[in-house]
Amino acid sequence: MRDTDSLHSGSISNDKKLKKVLTSWDLYFLSLGAIIGSGWLFAESAAAGTAGPAAILSWIIGGAIVLVLVLVYAEIGAMIPRSGFITRYGHYSHGGIAGLFFGWGYFAARVAAPALEAEAAITYAGSYITKPALIYYAKNPLDPSSSVTLLSGYGILIAAALIAGFYFLNYFGVKLMGKTNQGITWWKLIIPSITIILMVFLLFHAGNFNNPALGGFLPHNNISLVFEAISTDGIVFSYLGFRHTLNFAGEAKNPQRDIPRALIYAMLTSIVVYVLLQFAFISAINPSLLTASGGWLGLSSASAGTYAKSIDSAPFAFLAKSSSLAILAVLTYLLYADAYISPAGTLNIAAGTATRSLYGLAEIGYFPRTFGKVSKRTGVPVFSLLISLVLGLIFLVPLPSWYVVVGLVSGVAGFTYILGGSTLMVLRREASDLKRPFKLPYARILSPVAFIGASLIVYWTGWPTVAYIAIILFAGFAVYLVFLAFHHVYNIYTKENIQGGYWVPLLIIALTILSYLGESNFGGINLFPFPYDFLVVMVVSLIFYFLSVKSGFRTSEITDMIESGEQYIDEYAE
């Protein structure tokens with residue numbers, strides 16, 4: 001088994017091999033480019049099909065929750081800039097049990113992301129390429145009450161080729177990836193901006209925002225639908241793209257200065273863009289055709305009509321194409337082009353992030369050291385890249401739909417952010433000597449808010465999706481045990497690690513049970529109807545927050561950082 005001293009020294013050695021080439025703009029565009037990806041192509045339509053015009057509130061509320069997470073991670077990321085950081089921070093504050101759960105969960109969410117982006121690109125292409133057929137419309141494999149667009153066999157093959165191509169691009173190093181992403185992200189800002197302007201000024205239907213024939217501002221006046229849309233329709237999935245900056249932190253030129261700036265500015269930019277996009281989408285829908293399709297909820301029902309199915313496969317492009325205006329015909333072609341560029345740009349980042357997530361797990365010691373080996377020529381962890389590629393391709397087969405995968409990935413990713421607020425407070429207590437270029441004001445208030453917010457994101461994905469999330473998280477232990485039996489990996493089963501992380505599996509079980517017992521709109525048996533279900537989840541989460549803060553301890557990695565003088569400075573201590 002690996003001992004912690006040799007493990008940490010080996011990690012530092014590998015971290016130093018990474019090339020520190022990313023600028024402040026590179027980091028900003030890494031987060032922004034990941035946030036504005038496939039989400040802007042599909043999430044507005046999906047959210048409108050769940051919550052109608054009130055989906056605007058879903059984007060605002062979801063953005064506010066994630067912004068709190070961003071502020072928490074701005075302090076932690078600048079304090080401990082490491083590539084693959086999201087898979088490491090739980091270990092730094094709570095030891096091996098917690099670190100494995102949260103690290104594995106994040107890797108599982110990240111390795112599925114390239115499949116999502118590839119599915120988005122091919123789904124749009126399938127709306128105008130009919131021979132061979134790339135897509136078809138069928139019942140949702142995870143929810144038979146709704147229907148979604150799925151990739152055909154040909155569509156899966158093309159998506160697989162797209163994924164492989166961007167992993168190949170990542171092989172040539174982070175600098176090429178960063179510069180490529182800057183150009184793509186500028187495009188991804190310009191095209192949504194043009195879409196917002198043209199659709200609001202040329203296709204605006206004021207009545208859509210409160211039309212009783214469509215379901216009104218909030219269908220059935222059911223406020224729980226606003227929260228359901230946040231987790232299940234790609235809102236959280238889109239916003240959580242901010243984390244990509246953190247995963248490349250060890251390759252930044254000046255991470256302590258640039259990470260907080262990049263995270264906060266990217267998040268604020270994306271909230272404005274997405275809220276305006278949702279407003280534009282709601283206003284541009286043809287009210288008479290949507291009424292004939294069953295209103296807003298008809299966009300996602302199992303019996304969706306032709307109009308709704310067309311929107312499902314290419315939302316903004318279909319709305320532009322339906323108009324007789326010449327300028328919108330031009331926009332249609334731009335949107336078809338963007339359907340390749342936006343997801344491809346995010347796929348480019350996601351491939352690098354999945355690779356560095358596995359690298360981070362290897363550096364902590366949960367996986368064999370081979371996984372973390374960095375190429376001297378390119379500065380890329382090649383073995384991690386190849387494994388991430390294979391696993392990403394596997395995701396295409398059982399779940400060949402953006403709409404199907406996005407809720408599951410959002411829930412798993414949301415769970416991994418539960419620990420952020422707790423880690424911040426543990427490190428304030430146990431590592432006050434570490435430099436904090438950005439120190440979060442009101443952290444004692446915002447940290448539990450972040451913990452509760454992330455817990456609600458998981459709950460909002462609904463039953464049985466929360467159960468699938470739990471299975472994925474516990475599966476990480478099965479994988480780890482195999483490596484523990486046959487390879488030289490870090491043994492997490494020590495008294496200190498168990499005391500630091502015992503609450504994590506209990507929290508997973510608690511959220512799963514609450515999901516089953518909760519609001520019927522979230523798939524539960526309605527023992528706790530809305531809003532009592534929210535209150536129960538918040539109270540339970542708050543209890544676990546205090547348990548998690550109390551259980552955190554000064555790990556050997558943090559001790560080594562302090563004793564070695566790494567990032568040491570007195571005036572930042574409380």
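The chain is numbered in sequence order, starting from 1.
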Practice item. Kindly indicate whether the side chain of Leu290, heavy atoms from C-beta on, has any atom under 4.5 Å from the side chain of Asn211. Key: no
Check your understanding: Using a distance-only test with no angle check, is there a side-chain donor-acceptor pair under 3.5 angstrom linking Asp233 and Thr50?
Key -> yes
**Study point:** Heavy atoms from other residues, nucleotides or ligands near OH of Tyr265 exceed 12 (cutoff 6.0 Å)
**Key:** no
**Study point:** Enclosure of Phe204 CZ (heavy-atom neighbours >12, cutoff 6.0 Å)
**Key:** yes
Point to revise | For Met199 against Ala320, the heavy-atom pair lying closest together | key: CE-N, 3.8 Å
Check your understanding: Does a side-chain heavy-atom distance below 4.5 Å link Tyr239 with Ile65?
Key -> no
Exercise for review: For atom CG of Leu202, decide whether the heavy atoms of other residues, nucleotides or ligands shown that lie under 6.0 angstrom number more than 12.
Suggested key: yes
Practice item. Please name all residues satisfying ring-ring contact (aromatic ring centres under 6.0 Å, His included) with Tyr336, sequence neighbours left out, ordered by chain then number. Key: Tyr128
Review point. With distance as the sole criterion, is a donor-acceptor pair present between the side chains of Trp25 and Asp258 under 3.5 Å?
Key: no
Review point. What pair of heavy atoms forms the shortest contact from Leu277 to Pro192, and how long is it?
Key: CD2-O, 3.9 Å
**Study point:** Phe227: ring-ring contact (aromatic ring centres under 6.0 Å, His included) partners, not counting sequence neighbours
**Key:** Trp460, Phe534
Practice item. Could you grab the distance from atom OG1 of Thr291 to atom CG of Asn286, nearest 0.5 Å is fine? Key: 8.5 Å
Point to revise | Validation row: Leu189, Leu32 side chains within 4.5 angstrom (heavy atoms) | key: yes
